[in-house]
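Lettering of chains follows the sequences in order, A, B, ..., and the numbering in each one begins at 1.
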Protein chains: 2
Amino acid sequence: MSTTNSLAVEDLGSAAQRDRRKRILDATITLASQGGFDAVQMRAVAEQADVALGTLYRYFPSKIHLLVSALQREFERTETALRDRPIEGDTTAERVINVLKRTTRGMQSDPQLTEALTRAFMFADNSVQAEIHQVGMLLTSMLTRVMHPEGHAELTEEDVAIARVIGDVWLSALVGWVTGRSTAAETGQQIEVAVRLLLRD
Amino acid sequence: MSTTNSLAVEDLGSAAQRDRRKRILDATITLASQGGFDAVQMRAVAEQADVALGTLYRYFPSKIHLLVSALQREFERTETALRDRPIEGDTTAERVINVLKRTTRGMQSDPQLTEALTRAFMFADNSVQAEIHQVGMLLTSMLTRVMHPEGHAELTEEDVAIARVIGDVWLSALVGWVTGRSTAAETGQQIEVAVRLLLRD
DNA sequence: TCTAAAATAGGAACACGTTCCACTTCGTCC
DNA sequence: GGACGAAGTGGAACGTGTTCCTATTTTAGA
């Protein structure tokens with residue numbers, strides 16, 4: 001499992017196409033930031049990206065695909081940014097908590113965007129499998145790297161299992177926050193408790 | 001936190017109204033079982049329940065409310081059925097795993113219904129808070145009761161936290177299965193691993 | 001450079017969740 | 001029994017995701 005993000009599947013066509021794709025995703029993020037999931041209307045995205053509706057659907061076969069792809073791009077950005085920063089914390093649990101809380105704070109600073117992307121992620125069906133899987137891998141690799149910053153490739157099965165459980169809790173907590181069921185503080189608390197339960201070293 | 005389900009808020013009007021409500025939920029379950037989330041179309045539900053569209057919306061203000069209410073009824077049924085059966089397993093972990101696997105198997109025997117209800121649950125926003133909260137409480141109380149079958153009311157904060165984490169994992173696993181990201185076997189495995197990580201007694 | 005194929009524009013049309021309205025039926029109180 | 005408000009009926013209408021069609025533009029290859 002390489003940590004580079006160059007996948008042969010990914011290189012999509014010409015510069016003009018890459019540009020259109022970027023414009024579309026930019027428009028998506030902009031609209032999502034302003035009004036959340038409901039504000040990301042396909043006609044509005046097309047107009048703002050200066051693209052025809054049919055073209056939008058050629059690039060992204062559904063609103064869910066569009067939003068999950070946007071999530072993927074944002075997440076890659078976050079993950080890259082995180083990789084360059086030193087990871088604070090003495091114990092594994094501390095490091096994981098720090099990273100998750102920082103990431104969560106980042107998302108909470110743009111609630112509408114987070115709502116849009118999280119809703120899309122949770123609503124995605126198997127036709128979005130590929131994109132979803134990418135995001136899942138990214139999250140797991142981010143967590144395992146934080147757990148073992150030395151990168152000795154000494155990942156046990158248990159490590160991966162723990163990372164997965166933490167990812168699940170994080171997602172649930174996020175959904176709870178996005179849907180207004182819990183506050184930001186509760187969300188952080190929920191994650192912290194789970195991590196301490198799982199990582200008692 | 002009582003385990004009875006009699007809430008003063010719940011008693012809704014006349015027998016005719018209870019009957020209509022039941023017919024609507026029955027129709028919802030039937031349609032969901034046949035074709036999943038997409039097949040639960042409001043016009044179809046209204047027709048099958050022999051109720052006007054406006055009446056359907058009077059009882060349930062949105063498709064999500066409708067499906068989450070159906071989930072709640074089904075879950076209550078499951079929880080009641082579970083309460084009468086002895087809980088097999090020597091250790092806490094064994095008992096929790098048994099119960100969760102049995103419940104999961106039950107849901108997997110009707111994939112379309114499970115898909116419909118899970119999708120709705122994940123997509124619900126804060127306007128469905130009340131119903132969602134009910135379901136969450138039901139799940140937590142079910143789990144803590146399995147963890148402490150004697151009912152000595154000796155629940156620690158940690159117990160509740162663990163139950164919550166397990167609930168999160170279960171939900172994530174369910175979503176993974178519903179959206180075709182993981183198989184039934186993987187779902188069971190995922191839950192089992194998480195429970196063993198959390199309950200090492 | 002010319003041409004065929006692919007991509008895009010522009011927009012009509014359809015499906016389903018949701019709202020709304022005019023009318024009818026039901027239940028309750030005098 | 002009559003009156004009045006609540007509840008229900010039937011269906012039109014609207015918004016947004018999605019599909020589809022034709023004309024035009026861009027791209028790639030001979």
Side-chain angles (χ1 to χ4, degrees), chain A residues 11-25 27-28 31-32 34-70 112 115-117 119-128 131, chain B residues 11-25 27-28 31-32 34-70 112 115-117 119-125 127-128:
Chain A
D11 32 33
L12 303 162
S14 66
Q17 283 173 331
R18 273 198 304 280
D19 186 54
R20 271 204 183 76
R21 188 184 153 89
K22 177 179 183 321
R23 287 209 312 272
I24 292 173
L25 289 177
T28 303
L31 288 168
Q34 288 167 3
F37 187 88
D38 290 340
V40 181
Q41 301 184 359
M42 300 305 269
R43 290 172 180 82
V45 172
E47 186 178 5
Q48 173 140 355
D50 201 24
V51 141
L53 190 55
T55 306
L56 172 53
Y57 273 92
R58 163 180 286 272
Y59 279 78
F60 302 96
S62 78
K63 174 171 173 172
I64 298 294
H65 278 84
L66 173 61
L67 281 167
V68 173
S69 297
Q112 301 276 39
E115 184 252 8
L117 300 184
R119 294 294 272 300
F121 188 84
M122 300 312 309
F123 202 64
D125 64 356
N126 52 352
S127 75
V128 206
E131 291 87 344
Chain B
D11 33 33
L12 303 162
S14 68
Q17 283 172 330
R18 273 198 305 280
D19 187 54
R20 271 201 184 78
R21 188 184 153 91
K22 177 180 183 322
R23 288 208 312 272
I24 292 173
L25 290 177
T28 303
L31 289 168
Q34 288 167 4
F37 187 88
D38 290 340
V40 181
Q41 300 185 358
M42 300 305 270
R43 291 173 180 85
V45 171
E47 187 179 5
Q48 174 140 355
D50 201 25
V51 142
L53 190 55
T55 305
L56 172 53
Y57 273 92
R58 166 180 283 272
Y59 279 78
F60 302 95
S62 78
K63 174 170 173 172
I64 297 294
H65 278 84
L66 172 60
L67 281 166
V68 173
S69 297
Q112 301 275 40
E115 184 252 9
L117 301 183
R119 295 291 270 307
F121 188 84
M122 299 313 307
F123 202 65
D125 65 356
S127 76
V128 206

### Task
State whether the side chain of A/H65 and the backbone N or O of A/E131 hold a donor-acceptor pair below 3.5 Å, judged by distance alone.
no
### Message
Expressed as a whole number of angstroms, how long is the span from B/K63:NZ to C/dC16:P?
### Response
9 Å
### Task
Tell me, please, which residues at least two apart from B/R23 pass side chain to side chain donor-acceptor pair (under 3.5 Å).
B/D19
### Query
What's the shortest heavy-atom distance between A/A32 and A/A116, and which atoms?
CB-CB, 3.7 Å
### Query
How about A/L25 and A/L66: do any of their side-chain heavy atoms sit closer than 4.5 Å?
yes
### Message
Does anything in residues 39-48 of chain A come within less than 4.0 Å of DNA chain D? Heavy atoms only, and list the residues if so.
### Response
A/V40, A/Q41, A/M42, A/R43
#### Entry: Where at least one partner belongs to residues 42-53 of chain A, residue pairs that pass side-chain hydrogen bond (donor to acceptor under 3.5 Å, both in side chains), sequence neighbours excluded
none
### Task
Please list, in 5' to 3' order, the outermost nucleotides of DNA chain D lying under 4.0 Å from any heavy atom of chain A.
D/dT16 to D/dT19
### Taking every non-hydrogen atom, the tightest pair across B/L56 and B/M42
CD2-O, 3.3 Å
### Message
Under 4.0 Å from OP1 or OP2 of C/dA7: is there any side-chain N or O of A/Y59 that close?
### Response
no
### Task
Write down the distance between CD1 (B/I64) and P (C/dG17), rounded to a whole number of angstrom.
10 Å
### Query
Along nucleotides 20-30 of chain C, 5' to 3', which nucleotides get a B, which get an S, and which get a -, given that the test is a protein heavy-atom distance under 4.0 Å?
-----------
### Closest approach of B/A120 to B/L67 (non-hydrogen atoms, all atoms of both residues)
CB-CB, 3.4 Å
### Query
Can you tell me how far C1' of C/dG10 sits from CG of A/L56, to the nearest Å?
14 Å
### Task
Would you check if the side chain of A/Q17 reaches a backbone N or O of A/S14 as a donor-acceptor pair within less than 3.5 Å?
yes
### Task
Apply side chain to side chain donor-acceptor pair (under 3.5 Å) to A/T55 and list each qualifying residue two or more places apart in sequence or on a separate chain.
none
### Within-4.5 Å side-chain heavy-atom neighbours: B/K63 and B/V45
no
### Query
Rounded to whole angstrom units, what separation is found between the CG atom of B/D125 and the C1' atom of C/dG17?
14 Å
#### Entry: Comparing B/D38 and A/V51 on DNA chain C - which has the more 5′ nearest nucleotide
A/V51
### Task
Give me the ring orientation class for B/F123 and A/F37: parallel if the planes are under 30° apart, tilted from 30 to 60°, perpendicular past 60°.
perpendicular
